[in-house]
Amino acid sequence: MESAAPPQRRTARAPRPAHVFEMRFTSTPRGARLARRLVSHRLDAWGPPYASPENETATLIAAELTANAVRHGHVPGRDFHLRLTEAEDGHLRIEVADTRAERRPTTGTPAPDGESGRGLLLVNTLADDWGVTPRTAGPGKTVWAEFSPPSPPAAARGVVWIRPAPGNGALRPTRPRC
């Protein structure tokens, strides 16, 4: 992977976190898969249900960042660290830290018949902002992405998600009774 700078967009916001989840994972495909699943599960517990666009977008971004940490940031015997932060306004930040500082992520044009090289293009498209910073707690780097969920359409405002009792089916939208 070549060394190049990610997009020059930078958000200056530091929203007050409403929820934080962080965990270390083994730097293996299994660790990346577990991290992706826990991001989806944690968001569901915080509010955005599994099938919501917010949950699916965050899960996809986390999947790409963790897969890159395993594939390009792996150092034998070292784990990667995932941190998911949701601000009070719903703004999400996903950070994945690995211990390999010299392999910085790049975006480029993948070969049309290539089997890789599209992950950061997805992150660049889905996230409002993303970047790379030096890791503060040791050697390596942190790749982060941020996005704000879109405002719900006017027809969906006022919809409340009802979480059924275990075993009674999926979440379903309903209008609150006044």
Side-chain angles (χ1 to χ4, degrees), residues 5-27 29-73 79-98 104-107 118-137 140-163 170-173:
Q8 293 303 311
R9 301 174 297 180
R10 294 290 176 261
T11 52
R13 69 186 309 180
R16 196 171 112 209
H19 300 102
V20 177
F21 168 74
E22 54 188 316
M23 184 177 269
R24 286 177 34 186
F25 297 90
T26 59
S27 191
R30 184 177 185 187
R33 186 172 51 251
L34 179 59
R36 180 192 76 227
R37 293 184 65 161
L38 286 176
V39 164
S40 182
H41 179 72
R42 184 60 54 170
L43 285 174
D44 180 69
W46 291 348
Y50 289 113
S52 70
E54 180 181 15
N55 192 309
E56 290 178 347
T57 300
T59 301
L60 180 57
I61 290 171
E64 295 301 336
L65 297 183
T66 58
N68 282 350
V70 169
R71 185 170 184 175
H72 304 292
D79 297 335
F80 70 87
H81 184 262
L82 170 87
R83 180 180 170 96
L84 175 65
T85 307
E86 181 183 40
E88 290 176 344
D89 63 358
H91 183 83
L92 289 170
R93 180 176 173 101
I94 302 164
E95 302 174 37
V96 178
D98 63 53
R104 298 183 61 89
T106 62
T107 57
R118 292 171 181 79
L120 286 177
L121 292 175
L122 285 170
V123 171
N124 193 45
T125 300
L126 295 172
D128 296 331
D129 197 6
W130 73 277
V132 183
T133 57
R135 191 171 179 196
T136 57
K141 66 187 172 300
T142 298
V143 183
W144 56 267
E146 296 179 340
F147 78 98
S148 294
S151 299
R157 290 189 190 119
V159 170
V160 176
W161 288 94
I162 303 293
R163 188 176 304 274
L171 295 175
R172 64 184 194 280

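Positions are given from 1 along the sequence.
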Under the side-chain contact (heavy atoms from CB on, under 4.5 Å) rule, what do Leu43 and Leu92 come out as? Steps first, then yes or no, please. CA-CA 10 Å; Leu43 285 174; Leu92 289 170; 3.8 Å; yes

Would you check, one step at a time, whether the test side-chain contact (heavy atoms from CB on, under 4.5 Å) holds for Ser148 with Asp128? CA-CA 7 Å; Ser148 294; Asp128 296 331; 3.7 Å; yes

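For Ser52, the side-chain contact (heavy atoms from CB on, under 4.5 Å) criterion is met by Pro48, Pro49, Glu54, Asn55, not counting sequence neighbours. In this structure Phe147 satisfies the ring pair (Phe, Tyr, Trp, His ring centres under 6.0 Å) test with no other residue, sequence neighbours excluded. Remark: Ser27 engages His74 in a side-chain hydrogen bond (donor to acceptor under 3.5 Å, both in side chains) (not counting sequence neighbours). Taking Glu22 as the reference, His81, Arg83 meet the side-chain hydrogen bond (donor to acceptor under 3.5 Å, both in side chains) condition, with sequence neighbours excluded. Remark: Ala145 engages Ile61, Leu65, Val123, Ala127, Trp130 in a side-chain contact (heavy atoms from CB on, under 4.5 Å) (not counting sequence neighbours). Applying the side-chain contact (heavy atoms from CB on, under 4.5 Å) rule to Ala62 yields the partners Val39, Ile94; only residues at least two apart in sequence or on another chain are considered.
The CE atom of Met23 sits 9.0 Å away from the CG atom of Leu82 when rounded to the nearest 0.5 Å. The CZ atom of Phe80 sits 9.5 Å away from atom CG of Asp98, with the distance rounded to the nearest 0.5 Å. To the nearest 0.5 Å, the span separating CG on Leu60 from CG on Leu122 amounts to 5.5 Å. Interatomic distance, Thr66 OG1 to Phe25 CZ, rounded to the nearest 0.5 Å: 8.5 Å. Rounded to the nearest 0.5 Å, atoms CG (Leu126) and CD (Glu64) are 9.0 Å apart. Interatomic distance, His41 NE2 to Arg36 CZ, rounded to the nearest 0.5 Å: 14.5 Å.
No side-chain heavy atom of Leu34 sits under 4.5 Å from any side-chain heavy atom of Thr26.
In terms of heavy-atom proximity, Gly73 sits nearest to Lys141 at CA-NZ, 4.2 Å. Shortest non-hydrogen contact noted between Ala67 and Ala32 is N-CB, 4.2 Å.
Among the candidates Val96, Thr133, Val132, the single residue satisfying the side-chain contact (heavy atoms from CB on, under 4.5 Å) test with Trp144 is Thr133.
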